[in-house]
Amino acid sequence: MPLSKLILRNFQAHKKLDIPLDPHVTTIVGPSDVGKSSIIRALRWVTSNRPNGSSFIRTGSKKSSVALFLGKSKAVVRQRGSSRGNVYRM
């Protein structure tokens with residue numbers, strides 16, 4: 001089942017970002033220092049719990065979440081609040 005969408009909430013520079021993923025190739029382009037690398041970090045976090053800690057939570061926010069959708073209705077969601085540990089939902 002192909003990856004279809006990535007949703008970031010309060011992850012580093014991104015307050016709210018929804019990225020539709022092409023089943024073959026998705027390209028992320030933009031000027032320096034706008035959050036392209038944080039999209040890759042979000043993918044690593046939702047799939048392998050890296051980075052550790054809570055330093056990626058957007059400044060001024062209490063929690064962060066990343067959702068990775070497979071097909072139209074299945075998703076893996078990872079959340080982290082500054083006061084509680086990681087939470088996975090499927």
Side-chain angles (χ1 to χ4, degrees):
M1 188 172 300
L3 301 176
S4 60
K5 185 178 359 177
L6 180 67
I7 298 175
L8 282 64
R9 298 291 183 263
N10 298 316
F11 192 92
Q12 292 188 319
H14 303 287
K15 182 175 184 177
K16 180 179 177 184
L17 179 66
D18 295 8
I19 302 171
L21 301 173
D22 185 85
H24 302 289
V25 175
T26 300
T27 305
I28 301 167
V29 296
S32 295
D33 205 28
V34 294
K36 297 180 301 294
S37 296
S38 65
I39 295 168
I40 302 304
R41 274 187 218 100
L43 278 169
R44 286 186 64 217
W45 185 56
V46 75
T47 59
S48 63
N49 194 29
R50 299 283 186 256
N52 290 325
S54 59
S55 61
F56 51 83
I57 297 174
R58 190 170 186 265
T59 303
S61 300
K62 295 185 182 201
K63 66 180 180 177
S64 180
S65 68
V66 175
L68 183 59
F69 283 79
L70 298 103
K72 292 185 179 184
S73 60
K74 296 180 181 177
V76 175
V77 181
R78 182 158 207 144
Q79 286 183 311
R80 175 139 190 142
S82 54
S83 61
R84 70 187 255 208
N86 287 319
V87 175
Y88 266 114
R89 289 189 331 237
M90 296 178 76

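Note that the structure is predicted; figures quoted are calculated from it, not measured.
- Once rounded to the nearest 0.5 Å, the distance linking CG of Leu6 with CZ of Phe69 reads 9.5 Å.
- Atom NZ of Lys72 sits about 9.5 Å away from atom OG of Ser4, to the nearest 0.5 Å.
- In plain terms, the two heavy atoms of Gly35 and His14 that are nearest each other are O-NE2, 3.0 Å.
- Counting only heavy atoms from C-beta outward, the side chains of Ile7 and Leu17 never approach each other to under 4.5 Å.
- In the hydrophobic clustering of ILVMFWY residues, with side-chain heavy atoms under 4.5 Å counting as a link, Val34 and Val66 come out apart.
- Taking both residues in full, the closest heavy atoms of Trp45 and Gln79 are given as CH2-C, 3.8 Å, listed atom of the first, atom of the second, then distance.
- The number of heavy atoms from other shown groups lying within 6.0 Å of NZ (Lys36) is above 12.
- The OG atom of Ser55 lies 9.5 Å from the CZ atom of Arg80; values are rounded to the nearest 0.5 Å.
- Hydrophobic cluster membership differs between Val77 and Met90, with clusters built from Ile, Leu, Val, Met, Phe, Trp and Tyr side chains linked at under 4.5 angstrom.
- A salt bridge (charged side-chain N to carboxylate O under 4.0 Å, His left out) check over residues 23-33, counting only residues at least two apart or in different chains, returns nothing.
- For Ser48, the side chain to side chain contact (heavy atoms under 4.5 Å, CB included) test picks out Arg44, Arg50, with sequence neighbours left out.
- Between Asn10 and Ser64, the shortest heavy-atom contact is O-OG, 3.0 Å.
- Listed by first and then second residue, the side chain to side chain donor-acceptor pair (under 3.5 Å) pairs involving residues 15-26 are Arg9-Asp18 (not counting sequence neighbours).
- Side chains of Ile39 and Phe11 form no contact here, defined as non-hydrogen atoms less than 4.5 Å apart.
- With hydrogens and angles disregarded, a donor-acceptor distance shorter than 3.5 Å links the side chain of Tyr88 to the backbone of Val46.
- Side-chain contact, Arg41 with Gln12: a donor N or O sits under 3.5 Å from an acceptor N or O.
- Residues Leu21 and Leu68 meet the side-chain proximity criterion, which asks for heavy atoms closer than 4.5 Å.
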With side chain to side chain contact (heavy atoms under 4.5 Å, CB included) as the criterion, how do Thr47 and Arg78 come out once you've worked through the C-alpha distance, each side chain's angles and the decisive distance to 0.1 Å? CA-CA 9 Å; Thr47 59; Arg78 182 158 207 144; over 6 Å; no
